[in-house]
Every structure is written in structure tokens, then in C-alpha cells.
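Position 1 is the first residue of the sequence; numbering continues from there. Read the numbers this way: they start at 1 and go in the same order the structure lists the ligands and their atoms. Just so it is clear, the model here is predicted, and its values are computed rather than measured.
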Amino acid sequence: MIIAIDGPSGAGKSTVSKLVATELGFCCLDTGAMFRSVAWLALEQGISLEDGERLGQLAASSPISFVHEAHDPSPKQVFISGVDVTGEIRTARIDKSVSKVSCHPQVRSALLDQQRRIAQAGDYVIEGRDIGTVVFPDAQVKVFLTASNQERARRRVEQNRARGIGSVDFEEVLADIIKRDEADSKRDAAPLRPAEDAFMLDSSHMTTEEVVSTICDLARSKG
Ligand code: DC
């Protein structure tokens with residue numbers, strides 16, 4: 001079974017995906033980490049973030065892999081072309097660059113292939129922006145998870161503080177989230193939008209447990 005969880009930055013997709021996967025015995029795939037990894041490699045190699053052709057070639061020729069520990073559905077490490085980028089892809093530098101990479105159709109098509117290949121391996125909770133609309137339009141469960149801008153920025157600051165990576169300045173994080181949502185929603189290639197058959201879930205006033213049990217119930221109702 002595929003459970004697609006799409007939505008804007010900071011809506012709680014990662015936390016919720018991990019808990020849903022743990023509860024149901026699924027694996028997690030964080031597709032945002034894949035776009036972040038390509039953005040990191042492009043910056044490392046000095047490739048222009050405007051150059052869709054070269055970025056697409058880079059994404060197609062740079063395998064991304066996730067290393068899991070036993071019984072943990074979320075990966076402990078992310079590698080691109082054999083380089084461990086687990087921490088590097090969460091920095092403010094990547095936060096600010098990743099939308100410039102993810103807007104190119106060539107990059108999206110290269111990563112779509114990798115995403116489908118990874119998820120063939122079994123039952124997955126997959127988080128992203130276009131999982132229910134483009135990557136897995138036949139996913140059995142599709143959720144569009146949102147929360148208010150303020151709440152999303154507050155959560156992202158907490159997450160960054162806990163990880164010890166990225167900005168913990170609320171105003172900076174809020175501005176970045178709003179800018180990124182706009183770029184993700186307005187791009188031509190696979191923009192951020194709910195699938196027609198997605199279950200809309202606004203988590204602003206819900207506890208994490210409520211969100212998780214709503215999604216698990218949905219999955220169980222689909223068998
Ligand atoms: O979920 P995230 O914040 O780690 O995602 C990083 C960026 O990648 C985000 O700006 C949008 C983009 N993205 C995308 O375009 N499509 C996906 N399926 C996942 C992420």
C-alpha cells in the first residue's frame with residue numbers, strides 16, 4: 001500500500017509520516033530530502049540553479065539512497081552519489097535554494113523515476129508535494145496536510161532547534177516558508193496542490209496523535 005502525504009513546508013509531514021509508518025509497519029520516503037540532496041550537489045559542483053538541463057542530468061546520474069536502522073521507518077542517513085548529506089541538506093543555504101532546483105521538469109522527471117523505484121520495495125508512507133497527483137496517482141490513501149503559516153513556522157523553528165541545524169529565527173523561517181510555498185504552488189511542473197481525491201487535513205488545532213490516528217484509520221478502512 002502507498003500512503004501519499006502531500007502539503008506545504010512545516011505542516012508536520014515528516015513527524016506524522018514516521019508515526020503512521022511505525023504504527024502500520026510501513027517504511028517512510030521523504031521525497032523533499034531527494035530534492036534537497038540534488039540542490040546540495042548542484043551547489044557543490046557550481047552548477048547554475050537556472051540550468052534545468054544540467055540539473056536534470058545531475059539528478060538522473062546521481063543515485064540517492066537512504067540508510068535505515070532496524071525497526072526505524074525513517075532513514076538515519078541520506079546519501080547522494082555515495083556522499084553522506086544527512087545534515088547538509090537541512091541547512092538554511094539549502095532551504096533557500098531547493099525550490100530553484102525542484103521547479104525544473106528535468107529534475108522532477110529524474111527523481112520521479114528514483115521515487116517509484118524505491119517505493120516498489122513494499123508498503124510506504126511517502127511525503128512530498130506531488131505524490132498523490134503525479135508520482136503515485138493511484139495511491140490507496142492520499143492526504144493533503146496543512147496548517148496555518150504561523151503554526152508551520154513555529155513547528156519548523158522547534159524542529160531546527162531540536163536538530164541543531166537551520167535557522168531558529170521565527171521571522172526568517174516564516175518568510176522562507178511563505179516564499180517557498182509560493183514558488184512550489186506557482187511552478188508549472190507538478191505544482192503543490194491537493195489531488196482531487198485527497199483527504200484534506202488541517203492540523204493547526206489538532207494534536208499529532210489525532211492526525212496520526214486519522215490517517216491510520218483511513219488506511220485501515222482501505223484494507
Ligand atoms: O519537504 P521539504 O521542505 O524538505 O522539501 C524541500 C523542497 O523540495 C520544497 O521546497 C519543495 C520541494 N519538493 C517538491 O517539489 N516535490 C516533492 N515531492 C517534495 C519536495
Side-chain angles (χ1 to χ4, degrees), residues 2-18 28-43 49 52 55-56 58-59 64 66 74-75 78 80 85-119 124-137 139 142-147 149 152-153 155-160 163 165-167 172-195 198 203:
I2 299 283
I3 301 178
I5 303 188
D6 290 308
S9 312
K13 297 189 298 294
S14 297
T15 307
V16 165
S17 297
K18 182 173 175 165
C28 287
L29 176 58
D30 171 5
T31 59
M34 300 176 80
F35 286 96
R36 287 171 178 272
S37 300
V38 174
W40 178 85
L41 196 55
L43 291 175
L49 303 188
L55 291 170
L58 183 74
I64 298 167
F66 295 93
S74 289
V78 186
I80 184 161
V85 290
T86 316
E88 292 288 340
I89 60 171
R90 303 292 166 193
T91 59
R93 179 174 83 122
I94 300 299
D95 281 348
K96 290 186 196 328
S97 320
V98 62
S99 288
K100 294 182 189 145
V101 171
S102 63
C103 66
H104 296 292
Q106 299 94 328
V107 173
R108 304 202 68 82
S109 134
L111 290 190
L112 182 137
D113 288 343
Q114 290 205 39
Q115 288 158 14
R116 288 190 178 153
R117 214 173 310 127
I118 293 171
Y124 268 87
V125 181
I126 310 181
E127 59 163 298
R129 304 292 190 286
D130 60 341
I131 307 305
T133 50
V134 176
V135 184
F136 287 102
K142 297 182 188 179
V143 174
F144 196 81
L145 189 62
T146 57
N149 292 346
R152 291 188 291 127
R155 291 179 191 170
R156 188 46 65 92
V157 165
E158 258 181 32
Q159 191 181 48
N160 286 350
R163 282 177 171 150
I165 306 169
S167 174
E172 185 187 5
V173 170
L174 178 63
D176 178 65
I177 276 182
I178 292 171
K179 201 167 154 199
R180 215 136 50 90
D181 284 354
E182 195 170 307
D184 293 343
S185 310
K186 291 197 173 150
R187 69 176 175 229
D188 292 329
L192 167 67
R193 64 174 175 79
S203 69

Check: Below 3.5 angstrom, do we get any N/O pair linking T31 and ligand 1?
Finding: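 There is such a contact, yes.
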task: Could you tell me whether Q115 and ligand 1 have an N or O pair separated by under 3.5 Å?
output: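 N/O-N/O distance below 3.5 Å does not exist for this pair.
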Side chain, backbone, both or neither: which part of [X] has a heavy atom under 4.0 Å from ligand 1?
X: R129; result: both
X: E127; result: neither
X: R187; result: side chain

Does a side chain donor of either [X] or [Y] reach within less than 3.5 Å of an acceptor in the other side chain?
X: Q115; Y: T31; answer: no
X: D30; Y: S14; answer: no
X: Q114; Y: R117; answer: no

So which heavy atom in the protein is nearest [atom], and how far is it from that ligand atom?
atom: atom 12 (C) of ligand 1; answer: S102 OG, 3.7 Å
atom: atom 11 (C) of ligand 1; answer: D184 OD2, 3.3 Å
atom: atom 4 (O) of ligand 1; answer: R36 NE, 2.7 Å
atom: atom 16 (N) of ligand 1; answer: R108 NH2, 2.9 Å
atom: atom 20 (C) of ligand 1; answer: G32 CA, 3.5 Å

Donor-acceptor under 3.5 Å ([X] side chain, [Y] main chain):
X: R155; Y: A11; value: yes
X: R152; Y: S9; value: yes
X: R36; Y: I89; value: yes

Item to complete: Identify whether the distance between the nearest side-chain nitrogen and carboxylate oxygen of D6 and R129 falls below 4.0 Å.
Response: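 Salt bridge between D6 and R129, a charged N being under 4.0 Å from a carboxylate O: no.
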field: Closest approach of R116 to V134 (non-hydrogen atoms, all atoms of both residues)
entry: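 Residues R116 and V134, closest heavy atoms: NH2-O, 3.2 Å.
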Q: Check each atom of ligand 1 against the heavy atoms of S99 and keep those under 4.0 Å away; list them by number with element.
A: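 It comes down to these atoms of ligand 1: 10 (O).
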